[in-house]
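Proteins get letters first, then strands, A, B, ... in listed order; numbering begins at 1 in each.
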Number of protein chains: 2
Amino acid sequence: MHTTTLHRPTHRETLWELEAAIERGDLITVFGRCTVDYDGRATSTLGPGNRLVILKPDGSTLVHTDEKRTPVNWQPPGCEHHASVRDGRLRVRGTRTTPDETLDIHFEQVHQFSALDVTGGRDLDLYGSEEDLREHILDDPSLVESGFTPLETERESTAGPMDIYGEDAEGVPMVVELKRRRVGPSAASQLQRYVEALHREFGDSVAVRGVLVAPSVTDRAADLLKENGLEFVALDPATGEPPEATEASEEVEPPEASEDADGDEPKEADSETDGSDG
Amino acid sequence: MHTTTLHRPTHRETLWELEAAIERGDLITVFGRCTVDYDGRATSTLGPGNRLVILKPDGSTLVHTDEKRTPVNWQPPGCEHHASVRDGRLRVRGTRTTPDETLDIHFEQVHQFSALDVTGGRDLDLYGSEEDLREHILDDPSLVESGFTPLETERESTAGPMDIYGEDAEGVPMVVELKRRRVGPSAASQLQRYVEALHREFGDSVAVRGVLVAPSVTDRAADLLKENGLEFVALDPATGEPPEATEASEEVEPPEASEDADGDEPKEADSETDGSDG
DNA sequence: GCCTAGGTCCCGTCT
DNA sequence: AGACGGGGCCTAGGC
């Protein structure tokens, strides 16, 4: 474990250690007064100020001010770092291709330079993702609806891959779109695209159900679902159960008919598509 | 301009300077061997390793490994930082509400601690955004189509605000959706939602046109546009002109009835600062 | 390489 | 506060 630190170094000193640290594969931090120029997918300039610059050995570059989680300027992994001294200023340049992008940081003064041997596990164990929600449902498909049978995940369609494809107790095809958090209009449209794709695939005479599974839904998204004859089931991604203390599940479709009231009532999945494609 | 730096400090020393730095409103960096536990919208754990931790005075918290632009763990602005020493480990905790979230960082050893007086401009001057594209079009509506008349931006509808609302040469209502980059299916759906909202507003007997303006469009999005009778116009957000060397504008709708008036466009833009050298 | 969609997305803006 | 959409989004997984 090594760390190299310079306090108020000259640009020449910084340049020397910078190149050595890049060579070693260290993570570098530079605290100093600088300006930043970016040119690529967009263009930006940032006036002088004291900022923390981070150069990672994978080419990532971050320029942080005293605010926000998001760096004020950056470069994603894969860029090449180059440093030089010109006109009395230290220039750190990060360039990459696809797309062509350049980030130039000009230091008027470096207050502190550090090279850090950042090592160890990078993969975190995360729980509560959409994938966890999917696994809950595949473990117990009745979470979506009694009689639901998943047939395929990531099933391809002309509109893209659908999260879960299956059929209900009557054998009607179902598309299930999963979201780990409260959903807005875009999720309703996404589900609608998949349903339309299946309609084109199977023909309009075949009924297709679309079900959005998420912890909750906004009013506008609920309206959108209703307009398109889509359904909603409230489930929490972490527990796989309905979220606590909300009647959100009633917003679009009261689920019930789970286990007690068997399924004698006809499920009438044919009341959809009231002219949305026209 | 002050910077406080400790090398291989004891946890007690770190704790002392940490609290002083938080009090001062400094940006703090801690490099050390740590584990990280997150609980909030999701849950995660990260095993031991040497990482760079950043605590910003606005409450932002970042845990960086040697890879990626995105921190492996984080807390957005607004969280409260608390440090303590327990069981021989330094614990830095960040908590926030709405939603309730906690990030715990346990340091087994701190290799370096720094408190930095990060100051100066935070607002960058950025060019090439969707807003710039909108201004290009409002300056010269014929960029969309000869005879196009913008009437309102951010016009409200039941589906949300549309980027530009206006009418064509024949007085037919038009919704224009702008994107600064190549668009996929979601942008086509978004435009479709706005068009449907206007159909509900005006009645189905009134024709409504939907136009997507972006530098380019994916095949699938182009299909979606076609299915829904929507149109596409290729424009670059930075220049306001059609992107170079593509016939993307033909992908969906060949722009008929507008080509006669554009013979005298000023071809500027030689002023690109090509600072690339060797 | 492009496309598609998820994300503890973050973030601004407006209701 | 919640909602909605933009972002130089980033990142992962297919093809």
Problem set entry | Span that lies between the C1' atom of C:dG6 and that of D:dG7, in whole angstrom | 15 Å

For this session: Among B:Val92, B:Leu52, B:Val53, B:Ile54, find the residue that satisfies the side chain to side chain contact (heavy atoms under 4.5 Å, CB included) test when tested with B:Val63.
Result: B:Val53

Exercise. Closer than 4.0 Å, any side-chain N/O of B:Arg41 to the OP1 or OP2 of C:dC10?
Worked result: yes

Problem set entry | Integer angstrom distance from the C1' of D:dC10 to that of D:dG6 | 14 Å

Exercise. Does a side-chain N-to-carboxylate-O contact under 4.0 Å join A:Glu80 and A:Arg93?
Worked result: no

For this session: Starting from C1' on C:dG7, measure out to CZ on B:Arg69 and report it in whole angstrom.
Result: 13 Å

Exercise. Could you state the CG-P distance from B:Asp132 to D:dG8, rounded to the nearest angstrom?
Worked result: 11 Å

Exercise. When the distance from OH of B:Tyr38 to C1' of C:dG7 is rounded to whole Å, what number comes out?
Worked result: 11 Å

Exercise. Under 4.0 Å between a Lys/Arg side-chain N and an Asp/Glu carboxylate O for A:Arg155 and A:Glu201?
Worked result: yes

Exercise. So, A:His81 versus A:Thr61: side-chain donor-acceptor pair below 3.5 Å or not?
Worked result: yes

Exercise. Could B:Glu101 and B:Arg96 be called an ion pair, given the rule that one side-chain N must be under 4.0 Å from one carboxylate O?
Worked result: yes

For this session: Could you state the atom-to-atom distance from CG of A:Leu46 to P of D:dG8 in whole Å?
Result: 14 Å

For this session: State whether a side-chain donor-acceptor pair under 3.5 Å links B:Glu177 with B:Tyr194.
Result: no

For this session: Evaluate the ring planes of B:Tyr127 and B:His136, with Trp represented by its six-membered ring, and classify them as parallel (under 30°), tilted (30 to 60°) or perpendicular (over 60°).
Result: perpendicular

Problem set entry | Sugar-phosphate, base or nothing in reach of A:Thr98, heavy atoms under 4.0 Å | sugar-phosphate

For this session: Pick base, sugar-phosphate or nothing for A:Thr43, based on heavy-atom distances below 4.0 Å to the nucleic acid.
Result: nothing

For this session: Mind running a 4.0 Å heavy-atom check of residues 72-80 of chain A against DNA chain D and sending the residues that fall below it, in number order?
Result: A:Asn73, A:Trp74, A:Gln75, A:Pro76, A:Pro77

Problem set entry | A:Thr70 side-chain N/O to C:dC10 phosphate OP1/OP2 under 4.0 Å | no

Problem set entry | Pair A:Arg134, A:Thr153: side-chain N/O donor-acceptor within cut-off below 3.5 Å | no

For this session: Quick one: look up who D:dG8 pairs with, Watson-Crick or G-U, both distances under 3.5 Å, and put none if it's unpaired.
Result: none

Under 3.5 Å, which donor-acceptor pairs do the side chains of residues 69-78 of chain B form with other protein atoms, sequence neighbours left out?
unit_1  : atom_1 : unit_2  : atom_2 : d
B:Asn73 : ND2    : B:Ser44 : OG     : 3.2
B:Gln75 : NE2    : B:Gly94 : O      : 3.0

Exercise. B:Leu103 CG to C:dT8 C1': how many Å, rounded?
Worked result: 10 Å

Exercise. Taking CD from B:Glu67 and P from D:dT11, how many angstroms apart are they, rounded to a whole number?
Worked result: 10 Å

For this session: Send over the distance from B:Leu124 CG to C:dG12 C1', rounded to a whole Å.
Result: 14 Å

Exercise. Can you tell me how far P in C:dT8 sits from the matching atom in C:dT4, rounded to whole Å?
Worked result: 23 Å

For this session: Check whether the side chains of B:Asp100 and B:Thr97 place a donor and an acceptor atom closer than 3.5 Å, and report yes or no.
Result: no

Using a cut-off of under 3.5 Å, enumerate the N/O to N/O pairs linking the protein to nucleotides 4-6 of chain D.
unit_1 : atom_1 : unit_2   : atom_2 : d
D:dC4  : OP2    : A:Thr218 : OG1    : 2.7
D:dG5  : OP1    : B:Ala159 : O      : 3.4
D:dG5  : OP1    : B:Tyr194 : OH     : 3.1
D:dG6  : OP1    : B:Glu177 : OE2    : 2.8
D:dG6  : OP1    : B:Lys179 : NZ     : 2.7
D:dG6  : OP1    : B:Gln190 : NE2    : 3.4
D:dG6  : OP2    : B:Lys179 : NZ     : 2.7

Exercise. Which nucleotide, D:dC9, C:dT8, C:dG12, lies nearest any side-chain atom of B:Arg181?
Worked result: D:dC9

Problem set entry | Nucleotide D:dT11, atom C1' - distance to CG of A:Asp123 in whole Å | 13 Å

